[in-house]
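The next block holds one structure in the form of structure tokens; read it before the comments.
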Amino acid sequence: MERITFYMFHITLAFIILLDFFVRGSKFIFVSLILLVVILLLNYYCSKNEKSKWKIDKKQEALVEVLNATCMMALIVISYLLGGRSQHGLNPTGYVIWILYLLILGKFFKDYKKNTQE
């Protein structure tokens, strides 16, 4: 169940990013954010339950983290290149989003290197 909520969270987040880039003044973003919070709470509840907990080792966890960040960054860049403009500052022309992405990549390489040495 935790795996399903994990995928639901990322699909909803991608949908919110697309709405942010291509739909102006939409109330769908608010509804989508509420759905996102509900999915996060469901994921939290499922992660506490040992029966439905997603078993993944540290090496794969680091790989999933960087893959998620890369997919979201690619979605933002592609949306920008297709002519969309973010209403909330997610444009790839800003340096803050790239610094955050590089921090995630740095954490991945640090964790991956530590886990391959063990």
Side-chain angles (χ1 to χ4, degrees):
M1 184 68 180
E2 188 179 6
R3 187 179 297 178
I4 294 170
T5 57
F6 175 80
Y7 291 126
M8 286 173 39
F9 171 79
H10 286 90
I11 289 170
T12 307
L13 187 60
F15 182 69
I16 290 172
I17 290 172
L18 290 175
L19 283 176
D20 182 45
F21 271 86
F22 294 110
V23 179
R24 299 289 178 226
S26 174
K27 295 178 184 173
F28 293 117
I29 292 178
F30 181 71
V31 173
S32 299
L33 288 174
I34 291 174
L35 178 65
L36 195 68
V37 169
V38 169
I39 292 171
L40 279 174
L41 291 174
L42 185 62
N43 192 15
Y44 177 75
Y45 173 74
C46 290
S47 69
K48 293 297 179 188
N49 187 359
E50 288 296 324
K51 184 187 259 186
S52 64
K53 196 168 186 175
W54 189 8
K55 310 279 191 284
I56 187 169
D57 63 348
K58 296 292 184 185
K59 187 176 173 183
Q60 289 178 338
E61 184 179 347
L63 189 61
V64 168
E65 284 178 9
V66 78
L67 185 63
N68 288 334
T70 302
C71 287
M72 290 300 156
M73 196 65 187
L75 181 65
I76 290 170
V77 169
I78 290 170
S79 297
Y80 184 78
L81 292 176
L82 287 175
R85 295 297 179 258
S86 175
Q87 301 176 40
H88 300 96
L90 287 177
N91 291 322
T93 56
Y95 61 90
V96 174
I97 198 164
W98 288 103
I99 291 172
L100 290 174
Y101 180 65
L102 290 174
L103 286 173
I104 291 171
L105 286 179
K107 181 183 177 297
F108 162 72
F109 285 119
K110 178 184 159 193
D111 292 346
Y112 191 78
K113 185 177 178 183
K114 183 176 78 172
N115 290 324
T116 54
Q117 290 176 353
E118 290 178 356

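Pairing each heavy atom of Arg85 with each of Tyr80, the nearest pair is NH1-O, 3.1 Å. For Glu65 against Lys107, the heavy-atom pair with the smallest separation is OE1-NZ, 3.3 Å.
Of the options Thr12, Ile11, Leu13, a side-chain contact (heavy atoms from CB on, under 4.5 Å) to Phe9 is made by Leu13 and by none of the others.
Using modelled atom types, no side-chain atom of Asp20 and backbone atom of Ile16 make a donor-acceptor pair closer than 3.5 Å.
Ile104 and Val64 are not part of a single hydrophobic cluster, where members link through side-chain heavy atoms under 4.5 Å apart. Hydrophobic clustering (ILVMFWY, side-chain heavy atoms < 4.5 Å, transitive): Tyr95 and Ile76 are in distinct clusters. At a threshold of 4.5 Å between side-chain heavy atoms, the hydrophobic network of Ile, Leu, Val, Met, Phe, Trp and Tyr places Leu100 and Val77 in two separate groups. Linking ILVMFWY side-chain heavy atoms closer than 4.5 Å, directly or via other members, places Val96 and Ile99 in a single hydrophobic cluster. Trp98 and Phe108 fall within a single hydrophobic cluster, where Ile, Leu, Val, Met, Phe, Trp and Tyr are joined by side-chain heavy atoms under 4.5 Å apart, directly or via other members.
Here the CG-CZ distance, from Leu105 to Phe109, works out to 6.0 Å after rounding to the nearest 0.5 Å.
Between Ile97 and Met73 there is a side-chain heavy-atom pair separated by less than 4.5 Å.
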Indicate every side-chain donor-acceptor pair of residues 33-40 with a distance under 3.5 Å to a residue at least two apart or in another chain.
none

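For Leu18, the side-chain contact (heavy atoms from CB on, under 4.5 Å) test picks out Phe22, Leu75, Ser79, with sequence neighbours left out. Residues forming a side-chain contact (heavy atoms from CB on, under 4.5 Å) with Leu67 (at least two apart in sequence, or on another chain): Cys71.
Environment of CZ in Phe15: sparse, with no more than 12 heavy atoms of neighbouring residues, nucleotides or ligands closer than 6.0 Å.
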